[in-house]
Amino acid sequence: MAAYWRPLLFLLFLGFIKPNSFTMKRLSILVLALLTYGIMQAQWVDDPINNTFIANCVSSANEIRIASHPYSDDMFVQWTSMSENGWSQKLQRLDYYGVPQWGADGIAITTPNLATWSPGYALAALSDGSVVTMNRSADAHHWVVKINEDGSTPWGTDGIMLFGGAGGGRSELLAGDDGGFWALGTDMDISYLQYVNADGTLRQMATIADLTKKCTNGKLIPTAGGVFVVYAKQTIQGYSNYVKEIYVAKYNKDGELTMPATLLFGQQTVGMSYIHYAIPDHFGGAYVFQWHNGIGGAYNIYVTHFDSDGVPTITGTNGIMVHSTDPSSYFISAYPTIDGNNDLLLVYRQTDSYSQSEYKIWINRITSDGEKPWGDGILVLDNGTSQCLGLRIDAFEYTDGFSVIYHKAVPGIYGETVEAHGFDHDGNMTWSTTMCSSTYPKNVDENTSGYYGAQNVVVWVNAQDGGLYGQNIGEGGEMGDITIPVPPVPCCFPPENFQGSCQHNEETGAYGAMLTWEPGFAHLYYNLYRQNLADETTEVIEIDADATSYFDEPAPGTYKYQLTAQFSDSESDFALTPDGEDHLVIEVLDPTSVSEVALEEIIDIMAIYTIQGQLINAKDITELKPGMYIVKGTTASGKTAIVKIINN
């Protein structure tokens with residue numbers, strides 16, 4: 001605090017502030033403001049005894065979630081507890097240095113008449129800098145509240161109601177690429193999917209239902225052109241058992257089913273505690289895993305994977321077991337991350353099947369084709385009968401390795417420490433750090449921030465004093481002041497997933513190239529290179545750093561597009577397409593060139609487009625669904641013709 005007093009003492013000494021009564025009032029206000037500023041400037045510490053204070057809450061607060069901002073170093077933390085309006089959320093925003101931005105108590109969600117129990121809450125950080133949180137009201141409606149970076153609520157403090165009033169069960173949220181987001185909810189029999197635009201307007205709702213089974217526990221996976229929903233179909237059997245199977249289906253933002261449901265896990269009769277989880281891979285697909293006792297009676301963890309087309313890549317409808325079956329042991333409580341090789345890394349717990357009172361921590365690696373390079377995994381810790389909770393695993397951002405974080409109970413003491421270990425690619429432990437050595441009891445978070453800017457963040461509630469605390473940790477096990485690193489060679493990362501197509505501009509009536517991509521890291525702006533293949537002239541278009549799409553409307557012709565990210569002292573390589581190419585070739589159509597020549601006069605079809613100008617992978621009219629299309633081809637005289645047709 002002395003640092004904040006020094007400027008005042010210096011000014012008083014020089015006589016710039018004279019101690020009359022009016023000035024003293026101002027001085028008192030200024031001192032109070034500086035004291036408040038000093039309190040609010042809490043930041044990540046490197047002392048495991050006294051971790052960083054994040055917000056006031058209550059000792060019973062729970063369901064703690066972290067959402068990292070996709071285009072900055074900020075993160076959002078949410079926790080829930082009983083309030084005047086029911087089991088309600090509060091949120092805090094932190095900058096990279098751990099400084100709270102929304103006061104000492106965070107921001108409370110005031111949606112009226114919330115449930116008095118936990119139906120499952122969701123949180124997502126959006127590309128426009130805001131965050132959305134989803135909850136269930138006592139009258140079984142789903143509500144979502146949006147909070148801007150400055151703490152304002154553009155849709156009101158109550159938020160907006162989703163699914164036309166349907167739903168009322170568990171919630172899932174997933175950020176979109178345009179400031180909007182996907183929302184998924186269930187009424188325990190039927191699931192509902194809806195895309196919410198950045199301005200709060202609602203797209204058409206999709207209903208996921210089966211007349212004979214409950215469709216529940218959906219997980220959202222981002223992919224090109226839409227979202228995958230991984231969900232269970234189940235029927236109850238007896239008092240506590242369920243017959244379940246897991247499917248994946250794909251939808252677009254308008255709620256249209258674009259890929260029918262595909263079976264991922266076959267039917268099993270399992271205990272009611274069984275649930276499935278999903279994590280996106282780096283290529284538009286996902287790993288899906290679950291633990292249950294449906295095979296052999298002992299709990300084990302099963303993994304499958306599907307690619308960007310929704311096609312399973314691990315054979316067998318039960319996936320692959322993470323650990324060999326042991327009737328005397330249960331393998332449960334798995335938590336995932338995806339490493340740089342697109343492999344799934346899992347940390348999980350082994351306990352005895354008799355009393356579930358033993359605590360061993362394992363890690364294992366599974367590839368997308370079901371290989372297990374580490375066999376039955378690597379033992380991280382045997383903690384005997386003392387609990388290990390909150391198992392977390394996160395792949396490093398800049399180096400080829402990962403960390404495991406967990407809460408470790410201390411024998412004879414009601415409480416636990418927070419421990420972290422670093423590992424290299426081969427599973428060798430490279431460092432160990434105690435993140436919190438104070439053994440007070442803690443309510444653990446449900447996820448970590450993941451390594452972003454080379455630091456990872458863990459938060460928890462002190463179950464004694466009701467404070468929300470947290471700690472950062474770097475890729476080398478360091479805590480506290482972690483400098484945002486300079487990315488390694490290559491010194492600047494290019495954008496990713498560069499895609500594009502010809503599309504029609506309804507306002508101008510012209511066609512153009514619609515280009516999209518995923519951002520790199522810490523760039524100043526983008527350079528879009530456009531080469532006219534007719535005369536090989538090239539133009540460079542500068543695009544804002546926060547953009548993830550661009551509509552280019554040049555003169556009709558065929559163009560080669562390449563995209564880079566510009567940094568202060570260098571320019572990245574060209575962005576790659578999903579096919580691994582460093583460029584796109586797009587033909588921008590000329591609407592005035594559409595001739596009246598009959599389709600029968602075209603003897604060789606060169607390309608078929610939608611009426612919006614998007615190229616279709618077809619060369620035969622019979623392959624098309626009914627609708628209007630643009631066909632480009634050559635006539636009997638050798639001329640090129642572009643015609644608009646209606647396919648019946």
Side-chain angles (χ1 to χ4, degrees), residues 63 65 67 78 89 111 115 118-127 131-137 140-146 155 159-198 200-210 213-223 225-234 244-262 264 275-280 284-288 290 306 310 446-447:
E63 294 188 309
R65 288 181 172 86
Q78 174 178 284
Q89 315 102 291
T111 302
S118 173
Y121 292 78
L123 181 72
L126 305 184
S127 60
V131 65
V132 286
T133 179
M134 192 170 172
N135 55 54
R136 176 200 190 273
S137 58
H141 299 313
H142 276 108
W143 292 79
V144 64
V145 178
K146 182 175 182 177
W155 303 339
I160 57 176
M161 188 170 66
L162 300 177
F163 314 132
R170 296 191 63 85
S171 306
E172 294 285 333
L173 291 171
L174 177 68
D177 56 3
D178 56 2
F181 59 93
W182 303 91
L184 182 71
T186 178
D187 60 9
M188 307 314 296
D189 291 318
I190 299 172
S191 291
Y192 305 94
L193 176 70
Q194 193 162 35
Y195 194 82
V196 183
N197 296 319
T201 56
L202 305 178
R203 300 279 188 100
Q204 182 67 34
M205 179 182 71
T207 301
I208 305 172
D210 188 308
K213 300 177 181 179
K214 300 174 182 291
C215 295
T216 64
N217 297 326
K219 308 295 179 184
L220 299 175
I221 299 296
T223 192
V227 67
F228 285 119
V229 182
V230 181
Y231 63 97
K233 288 187 178 183
Q234 64 186 42
K244 293 191 176 183
E245 50 198 351
I246 308 299
Y247 288 85
V248 60
K250 184 179 178 181
Y251 295 83
N252 64 21
K253 292 180 179 178
D254 292 320
E256 298 168 335
L257 180 67
T258 58
M259 186 200 82
T262 299
L264 294 177
I275 196 171
H276 65 275
Y277 302 85
I279 182 172
Y287 287 89
V288 183
Q290 56 182 325
F306 63 86
E446 299 192 12
N447 68 313

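Quick caveat, the model's predicted, so the values are computed rather than measured.
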If you take all heavy atoms of [X] and [Y], which pair is closest and at what distance?
{"X": "T186", "Y": "M188", "answer": "OG1-N, 2.9 Å"}
{"X": "L123", "Y": "A67", "answer": "CD2-CB, 3.8 Å"}
{"X": "G176", "Y": "Y195", "answer": "CA-OH, 3.5 Å"}
{"X": "Q290", "Y": "I275", "answer": "CB-O, 3.6 Å"}
{"X": "S191", "Y": "T216", "answer": "OG-CA, 3.9 Å"}
{"X": "T223", "Y": "G284", "answer": "OG1-O, 3.0 Å"}

Within this structure, what is the [atom1]-[atom2] distance for the pair [X] and [Y], rounded to the nearest 0.5 Å?
{"X": "D189", "Y": "Q234", "atom1": "CG", "atom2": "CD", "value": "9.0 Å"}
{"X": "Q89", "Y": "Q78", "atom1": "CD", "atom2": "CD", "value": "5.0 Å"}
{"X": "E172", "Y": "M134", "atom1": "CD", "atom2": "CE", "value": "9.0 Å"}
{"X": "I160", "Y": "K146", "atom1": "CD1", "atom2": "NZ", "value": "9.5 Å"}
{"X": "L202", "Y": "N197", "atom1": "CG", "atom2": "CG", "value": "8.0 Å"}
{"X": "L184", "Y": "Y251", "atom1": "CG", "atom2": "OH", "value": "9.5 Å"}

Counting distance only, does the side-chain N/O of [X] pair as donor-acceptor with the main-chain N or O of [Y] below 3.5 Å?
{"X": "Q194", "Y": "F163", "answer": "yes"}
{"X": "H142", "Y": "R136", "answer": "no"}
{"X": "S127", "Y": "G179", "answer": "yes"}
{"X": "D254", "Y": "E256", "answer": "no"}

query: So does E245 pair up with K233, basic N to acidic O under 4.0 Å?
result: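 No, no charged N to carboxylate O under 4.0 Å.
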
- request: Consider only side-chain N and O atoms of D187 and Y192, and report whether a donor and an acceptor are under 3.5 Å apart.
  value: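 Present: a donor and an acceptor within the cut-off.
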
- prompt: Regarding N217 and R170, is there a side-chain donor-to-acceptor distance under 3.5 Å anywhere?
  reply: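 Note: N217 and R170 side chains miss the donor-acceptor criterion.
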
Would you say [X] and [Y] make side-chain contact, with heavy atoms under 4.5 Å?
{"X": "I246", "Y": "K219", "value": "no"}
{"X": "M259", "Y": "V248", "value": "yes"}
{"X": "L220", "Y": "L193", "value": "yes"}
{"X": "T262", "Y": "F306", "value": "no"}

